[in-house]
Amino acid sequence: IPGYGDSPPVEMAVTAQGRRAFLDHVLRELGMQRPVLISPSMSGRFALPFLLAHGDRLAGFVPIAPVGTKDYTAEQYRGVQTPTLILYGDRDTGLAPQALQNLQHLPDHRVAVLSGAGHACYLDKPEDFHQVLLGFLRQLK
């Protein structure tokens with residue numbers, strides 16, 4: 001994610017509109033058509049603005065306790081038709097409950113909770129994570 005960790009800051013990533021445009025640019029450059037967007041933690045600042053503006057360009061969305069879910073209204077979430085798998089670890093008592101509270105307004109969603117996993121549930125329980133993710137991907141059109 002530009003501007004996080006050791007990556008250099010990207011000026012366009014300062015605003016939600018800029019982050020949406022950045023992600024749009026990346027997907028176009030990679031030639032991706034109707035990808036499934038997986039969004040753990042800090043990537044929510046990029047994924048959520050993109051989902052709300054261009055959800056129709058995604059085959060699916062997999063938020064994993066992303067940040068920024070409270071920046072949008074229930075009404076905004078209700079307007080998204082993208083199939084969504086809300087995924088988190090049951091030991092993530094910080095971001096996961098808040099994300100679930102907001103993302104549950106997405107009309108086409110299901111929830112998967114990984115037992116014994118924390119915020120980085122894909123690292124804590126990789127086999128369970130991949131099993132749930134592959135199950136979701138198989139159900140997409």
Test side-chain hydrogen bond (donor to acceptor under 3.5 Å, both in side chains) applied to S39 - qualifying residues, sequence neighbours left out: S43

Would you say V62 and L123 are hydrophobically clustered, going by side-chain heavy atoms of ILVMFWY under 4.5 Å? yes

In chain order, what residues pass the salt bridge (Lys or Arg N to Asp or Glu O under 4.0 Å) check against D71, with sequence neighbours excluded? R45

P49 and Y72, any side-chain heavy atoms less than 4.5 Å apart: yes

For a 4.5 angstrom cut-off between non-hydrogen side-chain atoms, does P63 reach L87? no

I'd like to check L85 versus V36 (side-chain heavy atoms, cut-off strictly below 4.5 Å). Are they in contact? no

Within-4.5 Å side-chain heavy-atom neighbours: F136 and T84: no

Quick one, L48 and F61 - any side-chain contact, counting heavy atoms below 4.5 Å? yes

Taking atom CD as the centre, does Q131 end up with more than 12 heavy-atom neighbours from other residues, nucleotides or ligands that are less than 6.0 angstrom away? no

Kindly give the heavy-atom pair with the smallest separation between D56 and T82, and that separation in Å. N-OG1, 4.2 Å

Path from F50 to M32 over hydrophobic side-chain contacts below 4.5 Å: yes

In terms of hydrophobic clustering (I, L, V, M, F, W, Y; side-chain heavy atoms under 4.5 Å; direct or indirect links), are I38 and L95 co-clustered? no

Can you list every pair that meets side-chain hydrogen bond (donor to acceptor under 3.5 Å, both in side chains) and has a residue in residues 111-124, with sequence neighbours left out? S41-H119, D92-H119

What residues form a side-chain hydrogen bond (donor to acceptor under 3.5 Å, both in side chains) with T69, not counting sequence neighbours? N102

What I'd like to find out is whether the side chain of I64 reaches to under 4.5 Å of the side chain of L114, using heavy atoms alone. no

Value for CZ (R78) from OG1 (T73), rounded to nearest 0.5 Å, stands at 8.0 Å

Exercise: identify the closest heavy-atom pair between L23 and A47: CD2-CA, 4.0 Å

Out of curiosity, does F22 fall in the hydrophobic cluster containing L27 (side-chain heavy atoms, cut-off under 4.5 Å, transitive links)? yes

Which heavy-atom pair separates A99 from A65 by the least distance, and what is that distance? CB-CA, 4.1 Å

R138 versus L134: any side-chain heavy-atom pair under 4.5 Å? yes

Taking every heavy atom of L106 against every heavy atom of H109, the minimum-distance pair comes out as O-ND1, 2.7 Å

Under a 3.5 Å distance rule, please check whether H25 uses its side chain to pair with a backbone N or O of A21 as donor and acceptor. no

With sequence neighbours left out, write down each residue that passes salt bridge (Lys or Arg N to Asp or Glu O under 4.0 Å) with R91, or none if nothing qualifies. none

Measuring from K125:NZ to H130:NE2, what's the distance to the nearest 0.5 Å? 14.5 Å

Considering non-hydrogen atoms only, spot the tightest contact between A59 and L140 and give its length. O-CD2, 3.6 Å

Mind checking salt bridge (Lys or Arg N to Asp or Glu O under 4.0 Å) for R57 and listing every partner two or more places apart, or none if nothing turns up? D24

Under a 4.5 Å side-chain heavy-atom rule over Ile, Leu, Val, Met, Phe, Trp and Tyr, are L133 and Y88 clustered together? no

